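Both ligands and their constituent atoms are indexed starting at 1 by order of listing. Since the model is a prediction, treat every value here as computed from it, not as a measurement.
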Amino acid sequence: MTHTNTVRTRIAPSPTGFLHLGTARTALYSWAYARHFGGQFVLRIEDTDVARSTQDSVEQILSSMQWLGLQHDEGPVYQMQRLARYHAVVEQMIAAGTAYRCYSTPEELDTMREAQRARGEKTHYDGRWRPAPGKKLPAPPADVKPVVRFANPPDGVVTWDDLVKGPISIRNEEIDDLIILRNDGVPTYNFAVVVDDWDMAITHVFRGDEHINNTPWQINIFRAIAGADGAPLPQFGHCPIILGDDGQKLSKRRGAVSVTAYRDAGYLPEAMLNYLARLGWSHGDEELFSLEQMVQWFDGTHLAKSPAQWDPAKLAWVNAHYIKQASDERLAGLLQEQLATRGIVAADLSLLARASALFKDRCSTVVELADWTSMLFVAVQASDEELTQHLTDAIKPALRTLRDRLAAVDWDKATIATAMKETLALHQVKMGQLAPAVRVLVCGRAQTPSIDAVLALFTREAVLARLQHV
Ligand code: GLU
């Protein structure tokens with residue numbers, strides 16, 4: 001990849017679990033930034049933690065990205081398919097003196113650190129295998145497979161102007177010679193990430209601020225690979241972590257943290273994106289905006305320096321907004337899937353669309369929509385309390401009349417409404433008495449949208465059966 005001025009961003013998840021909400025947010029920022037500047041967005045799977053990486057996780061990540069609609073222009077690139085490239089770069093670095101083989105065994109390193117601790121020093125690799133002019137290195141032991149370490153510059157300061165946090169400086173003496181290639185030939189994160197960002201001509205790296213401490217190494221390795229000739233380094237933007245609603249780091253123990261969990265809980269992708277966008281970025285006071293608007297606005301400024309707090313109530317509010325906006329046909333499809341997870345086979349999509357139209361204003365999630373709609377497919381049972389309150393002896397004669405009338409009318413909302421009005425007049429009762437009684441029997445709850453509209457969703461047979469034993 002030649003380096004041009006084109007903006008190129010990437011998301012680089014490790015396939016050791018689901019797609020975390022924090023990674024989804026960084027993916028959104030990276031994607032929106034590339035789109036804003038007419039650049040490209042790359043998806044890279046960082047699978048060098050061989051013991052913890054799984055195919056199942058790769059698939060979860062890909063399907064989460066697809067569900068969110070954050071389309072990548074290149075990739076997925078798998079690091080484990082690029083080993084030959086990493087090995088070639090390592091050889092070049094060894095030849096250039098910016099990397100070296102280290103034969104220290106784990107036991108030796110433990111002893112070394114013990115001694116450092118005993119002297120009250122901060123533990124660090126002491127450079128025993130690092131070549132230096134005039135230094136005589138021990139003969140490489142034949143029975144030890146070496147690792148390769150990066151020869152970090154011994155002094156000077158690494159500085160970058162972080163897109164989120166502003167200028168950051170770290171002194172080289174605080175960082176030691178990092179292992180870049182393990183002795184099984186697998187590169188470490190900090191090395192593979194640099195070779196890839198370099199090869200893929202990445203210009204802007206957005207990621208979580210847990211990586212800030214890695215960045216000085218990465219910048220130094222970049223310089224070693226790209227040469228000191230002013231080759232362009234990516235710009236880095238480290239976003240603060242997302243806090244749970246208890247103020248602690250958002251984690252599995254504190255509720256759902258995967259994108260798929262929210263999909264399964266009935267959230268819409270555009271709601272997730274809108275909500276995630278605002279967790280760490282703002283455009284004036286705008287709370288509800290489309291992805292197109294975000295692309296228009298997202299230029300890497302107004303990223304928050306301090307951590308945002310996950311707010312389930314706000315997410316539900318945002319989702320409710322998008323549920324209201326969603327077409328009934330689209331909701332019908334989502335509803336069908338949601339009902340299927342409950343063992344309800346609802347084949348009639350037009351019925352589900354009508355149900356969505358009627359119930360969606362009351363729902364924050366598709367799960368809630370399914371809670372409403374399931375009354376059409378499974379038996380209902382109101383609570384004893386509701387039955388006692390609404391199914392009074394005074395209303396029962398009216399219910400019987402209504403049942404008889406409903407058996408005879410054409411089956412639609414208007415005729416059902418007429419039958420109800422006639423029943424009210426005949427028995428001198430009020431809608432406020434009749435409607436709740438019908439609701440508890442037919443819907444299993446005393447409150448619903450307009451009862452004539454709700455009844456029209458059912459078949460006549462179903463309604464009559466539920467009114468049968470009055
Ligand atoms: N694989 C790293 C992670 O999942 C990527 C970090 C980065 O973007 O450099 O945290």
Pair W310 + Y275: ring centers closer than 6.0 Å:
yes

Could you list all the ring pair (Phe, Tyr, Trp, His ring centres under 6.0 Å) pairs where at least one residue sits in residues 43-102, not counting sequence neighbours?
none

Hits for side chain to side chain donor-acceptor pair (under 3.5 Å) against S306, two or more places apart or cross-chain, chain-then-number order -> none

Can you tell me if N190 and Q218 form a side-chain donor-acceptor pair at under 3.5 Å?
yes

What are the polar N/O contacts of ligand 1 with the protein below 3.5 Å, with distances?
| unit_1 | atom_1 | unit_2 | atom_2 | d |
| --- | --- | --- | --- | --- |
| ligand 1 | 1 (N) | A12 | O | 2.8 |
| ligand 1 | 1 (N) | S14 | OG | 2.9 |
| ligand 1 | 1 (N) | E46 | OE1 | 2.6 |
| ligand 1 | 4 (O) | S14 | OG | 3.4 |
| ligand 1 | 8 (O) | R10 | NH1 | 2.5 |
| ligand 1 | 9 (O) | R10 | NH2 | 3.0 |
| ligand 1 | 9 (O) | Y189 | OH | 2.7 |
| ligand 1 | 9 (O) | R207 | NH1 | 2.8 |
| ligand 1 | 10 (O) | H211 | NE2 | 2.8 |

Sequence neighbours left out, what passes side chain to side chain donor-acceptor pair (under 3.5 Å) with T448? Give chain and number order.
R439

Determine whether the aromatic ring centres of F37 and Y33 lie less than 6.0 Å apart.
yes

